[in-house]
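Bear in mind the structure is a predicted one, so any value in this text is a computation, not a measurement. The chains referred to below are lettered A, B, ... by the order of the sequence lines, with proteins before strands, and numbering in each begins at 1. Scope of the values below: all heavy atoms of this structure, side chains included, with no hydrogens, waters or symmetry mates.
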Amino acid sequence: MNILVIIPAYNEEKSIGSVIESVKSRHPEIDIVVVNDGSKDGTSAAARASGKAHVVDLPVNLGIGGAVQTGYLFAYRNGYDIAIQIDADGQHDPAELNKIIASIANGEADCCVGSRFVQKTSYRSSLSRRLGIQFFTWLIHLTVGKRITDPTSGFRAVNRKIIEVFANYYPDDYPEVEAVVLLERMGFRVKEASVQMHSRTAGKSSITPFKSLYYMVKVSLAVLMTRIRNVG
Amino acid sequence: MNIYLLSTVFCLAFVGFTIELIRRQKIAERYALLWLVLGFVMLLFSLFPNLLIRLSEAVHIFYAPSLLFLIGLLFSLVFIMHLTMVISKLHRKVTRLTQEVALLQAKRPEEDGARGYSSDRTG
């Protein structure tokens, strides 16, 4: 089974090398594609220097949605059976990869989201972030009747069918929540697996308070639109 | 010189300017159509002021020129919405183009026979 790890990276030169390294050291059989989203630092060079990943350099910054979709296009065109998204900042632990691959590999689910909240884990975050995540959990429950405990998690695995769907359409700005709703609406089986997540090792989060508000409103609109749009 | 003559001249100039821009391919025909429509509607009202007054009465507007403002405002909204649609479409196309270019770039060294990872490549 061909498995690809997609790592969208924007200005992550400090952490990208160790993320690639930690995936490869545990899973030498898994391929990696780093999508460098027009970084202004040495992200691309750092990723290439590892010698263990395909590096795709976007000539201009597309944002997380466009970058991740590039990874899915790569996966689709190169015939991968499973694609897994991992953040470049080291928040996602490659030791947990098997947990989210398992249910895809044995056909139980089409998409598996790594969740911090299925079981109690050591992950702690700010109150506002937890409230935001709970809001999206509620919104998804409202729109597709399904409880996803960690809808903003970017740690997820999908099968070939979904790789094709995402290669054709992937949401823009803050795509995680909308993608889950889209998949549910199209009749795919979305599951969650409990994973540990770390705090960032280097760099800084692109989310500011103002952006969070914009994020909430924009994603809510997108989710509601997905609900009334004909999909699939 | 009264206002009707002035606005007629202005409308003619506006339509002429739009046509000139189309001729020079500064604006594409499909986006120019709306502008031409506006120019001709305004020209019509300038040439036949009674038209505006009768139209206003028909829709119960007491002050005829306010119908003019209404038309102008509605047109502006339609045009801005139209532009937003065009930009959204362009955005999608640019995204896909960027992705295709990046994937092509990434693929090139393998076709040259250098199998596997492209860590030795510069730029």
Tell me, for [X] versus chain B, whether the close heavy atoms (under 4.5 Å) come from the side chain, the backbone, both or neither.
| X | result |
| --- | --- |
| A:N61 | neither |
| A:D172 | side chain |
| A:Y72 | neither |

Tell me whether the count of non-hydrogen atoms from other residues, nucleotides or ligands lying under 6.0 Å of [atom1] in [X] goes above 12.
| X | atom1 | value |
| --- | --- | --- |
| B:F10 | CZ | no |
| B:Y4 | OH | no |
| B:F14 | CZ | yes |
| B:Q25 | CD | no |

side-chain hydrogen bond (donor to acceptor under 3.5 Å, both in side chains) contacts touching residues 32-54 of chain B (sequence neighbours left out):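 As it turns out, the side-chain hydrogen bond (donor to acceptor under 3.5 Å, both in side chains) pairs with a partner in residues 32-54 of chain B, which skip direct neighbours, are B:S7-B:S46.
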Heavy-atom closest contact (B:A106 atom, A:V55 atom, distance):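 Distance-wise, the nearest heavy atoms are CB-O, 3.7 Å.
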Any residue meeting side-chain hydrogen bond (donor to acceptor under 3.5 Å, both in side chains) with A:D87, in chain and number order, not counting sequence neighbours: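 So A:D87 forms no side-chain hydrogen bond (donor to acceptor under 3.5 Å, both in side chains) with any residue.
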Between A:F74 and B:Q99, does the side chain to side chain contact (heavy atoms under 4.5 Å, CB included) criterion hold? Intermediate values first, please. CA-CA 9 Å; A:F74 184 93; B:Q99 293 169 337; over 6 Å; no
Can you measure from CG (A:D57) to CD (B:Q105) and round to the nearest 0.5 angstrom? 8.0 Å
Here's a test for you: under side-chain contact (heavy atoms from CB on, under 4.5 Å), which of A:L73, A:L58, A:N78 qualifies with B:L103? A:L73
